[in-house]
Protein chains: 2
Amino acid sequence: MSKAELTRIEILRKSFDLIYKNGYQSTSIDEIIATTKVTKGAFYYHFKSKEEMGMALISDVMHKELWPAVKKSINTTKDFRKNLYKMLTDLLIEHPVLTCEYGCPSVNLIQEMAPLNEHFRKALKKNLSEWQKLIEDEIVRAQGVGQLSADHDPQNIALYVITLYHGVRNMGKVLGKGYYMTFLKEFDNYLNSLK
Amino acid sequence: MSKAELTRIEILRKSFDLIYKNGYQSTSIDEIIATTKVTKGAFYYHFKSKEEMGMALISDVMHKELWPAVKKSINTTKDFRKNLYKMLTDLLIEHPVLTCEYGCPSVNLIQEMAPLNEHFRKALKKNLSEWQKLIEDEIVRAQGVGQLSADHDPQNIALYVITLYHGVRNMGKVLGKGYYMTFLKEFDNYLNSLK
DNA sequence: TTATTAACATACTATATGGTATGTTAATTC
DNA sequence: GAATTAACATACCATATAGTATGTTAATAA
């Protein structure tokens with residue numbers, strides 16, 4: 001990896017950390033460069049604006065941080081219920097970077113920026129769609145092997161599960177990590193209600 | 001109502017509108033006073049800081065805006081399933097102020113400020129607890145008249161419903177109002193799965 | 001080796017920001 | 001009716017902010 005490439009990565013990593021904790025609009029470029037060895041000239045050499053850096057954040061860092069955790073956990077067993085349950089526990093409990101206090105960077109950015117910036121909204125939607133499709137495929141597989149009635153709409157269930165994840169990430173900020181456990185119990189009830 | 005009281009209300013109403021759409025940290029006091037007939041002197045006569053105004057927002061305006069809508073819809077029928085369903089449709093579809101694009105002011109503020117300001121977190125949690133208790137009481141009532149097994153934990157169900165609401169408010173920002181309908185169908189499935 | 005360009009570094013600007021200092025006016029109290 | 005205070009209004013300040021202008025240095029191509 002070239003030195004220039006390393007600089008770009010350093011900017012994006014630090015931006016990710018700061019934006020994850022303080023939000024996009026409240027994270028200044030001055031703060032980013034003050035906490036790295038990157039100067040303002042370097043920043044604006046790699047990104048023509050703060051928005052362009054934000055877009056790179058969504059498609060590069062954010063996606064690379066969340067996608068592998070999701071993708072590997074959805075296939076661990078043959079039971080779609082266990083797989084969906086594990087997917088959420090892996091994200092909520094086991095993920096090495098995300099915390100209950102600060103929630104999920106993707107959920108946070110949707111909340112803050114989706115209504116304010118159409119570019120952000122579309123990029124975030126793209127990440128969401130990819131996750132949605134992964135869950136849908138798992139539902140379809142489950143229906144194929146008779147674990148679930150074909151009456152259910154895979155898309156609806158996929159979106160419903162993602163909705164739950166977004167909700168619990170928000171609630172966790174107020175109620176603390178203990179709520180994650182309470183929620184997972186109720187999520188298990190929901191999965192078992194799917195016949 | 002005194003003239004001073006009216007000024008206070010005007011500050012809070014405009015702050016509510018701006019913060020609802022742009023977030024707390026990105027709404028400046030200059031912007032609030034520029035879009036009202038209030039001056040900076042008046043603002044700081046009524047509130048000693050931006051944070052104090054934010055606290056008043058949460059306990060006064062935000063609560064008064066959301067609480068009546070919730071409280072009246074939870075009692076409309078004798079079937080707790082219909083009541084919970086109506087509660088969410090009233091909030092999501094019928095509320096005269098909230099929109100799909102900007103979501104729910106309370107959910108938004110939790111997302112943005114709960115990790116950054118303990119005063120905010122506690123005030124927001126208090127509003128949440130009040131809603132939670134209302135739903136719990138309705139569940140307990142339903143259990144009392146045999147609409148629902150006593151095995152279920154009313155607190156868990158209440159929090160789960162609120163979690164769904166928080167989630168759908170977030171997802172709606174990306175997917176648009178059409179998703180509210182899709183979600184409500186799946187929410188109905190969940191309610192009917194509660195035996 | 002020289003010319004060129006990629007990859008920065010530094011200094012600066014215009015505007016925005018939360019908050020303060022110091023006024024002024026209208027209402028209330030005595 | 002005078003004194004007091006509540007309820008503002010105006011001017012100002014230090015700092016923060018996204019972005020620019022103009023350098024400099026190290027790598028690469030000719």
Given atom [atom1] of [X] and atom [atom2] of [N], what is their separation to the nearest angstrom?
X	N	atom1	atom2	result
B:Ile11	C:dG19	CD1	P	14 Å
B:Leu18	C:dT17	CG	C1'	15 Å
B:Lys50	C:dG18	NZ	C1'	8 Å
B:Lys48	C:dG18	NZ	C1'	14 Å
B:Ile32	C:dG19	CD1	P	11 Å
A:Tyr45	C:dT5	OH	P	12 Å

Which residue, B:Lys40 or B:Lys3, contacts DNA chain C at a nucleotide closer to its 5' end, judged by nearest heavy atom?
->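 Upstream on the strand: B:Lys40.
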Closer to the 5' end of DNA chain C via nearest nucleotide, is it A:Ser2 or B:Asp30?
->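 This one resolves to A:Ser2.
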From the 5' end of DNA chain D to its 3' end, which nucleotides mark the outer limits of contact with chain A, defined by a 4.0 Å heavy-atom distance cut-off (strictly under)?
->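 Counting from the 5' end, contacts occupy D:dT17 to D:dT20.
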Could you tell me whether A:Thr27 contacts a base, only the sugar-phosphate backbone, or nothing, with contacts defined as non-hydrogen atoms closer than 4.0 Å?
->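 Contact class for A:Thr27: sugar-phosphate only.
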Select base, sugar-phosphate, or nothing to describe what B:Thr39 touches, counting heavy atoms under 4.0 Å on all strands.
->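 It contacts base atoms.
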Counting just side-chain N and O atoms, does B:Ser28 come under 4.0 Å of either OP1 or OP2 of C:dT17?
->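 Result: yes.
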Mind checking whether [X] and [Y] have parallel, tilted or perpendicular rings, split at 30° and 60°?
X	Y	answer
B:Tyr20	B:Phe16	parallel
B:Tyr85	B:Phe187	parallel
B:His166	B:Trp131	parallel
B:His63	B:Trp67	parallel
A:Tyr24	A:Phe120	perpendicular

Show the atom names and distances, to 0.1 Å, of all donor-acceptor pairs under 3.5 Å that link a side chain in residues 95-107 of chain A to residues at least two apart or in another chain.
| residue | atom | partner | partner atom | Å |
| --- | --- | --- | --- | --- |
| A:His95 | ND1 | A:Val97 | N | 3.1 |
| A:His95 | ND1 | A:Leu98 | N | 3.3 |
| A:His95 | NE2 | A:Glu65 | O | 3.0 |
| A:Thr99 | OG1 | A:Tyr102 | N | 3.2 |

Check: B:Tyr160 ring centroid to B:Tyr190 ring centroid under 6.0 Å |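 Here the rings of B:Tyr190 and B:Tyr160 have centres that are less than 6.0 Å from each other.
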Take A:Ser26 and A:Gly41, find for each the nucleotide of DNA chain D with the closest heavy atom, and name the residue whose nucleotide sits nearer the 5' end.
->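 Going by which nucleotide is closer to the 5' end, it is A:Ser26.
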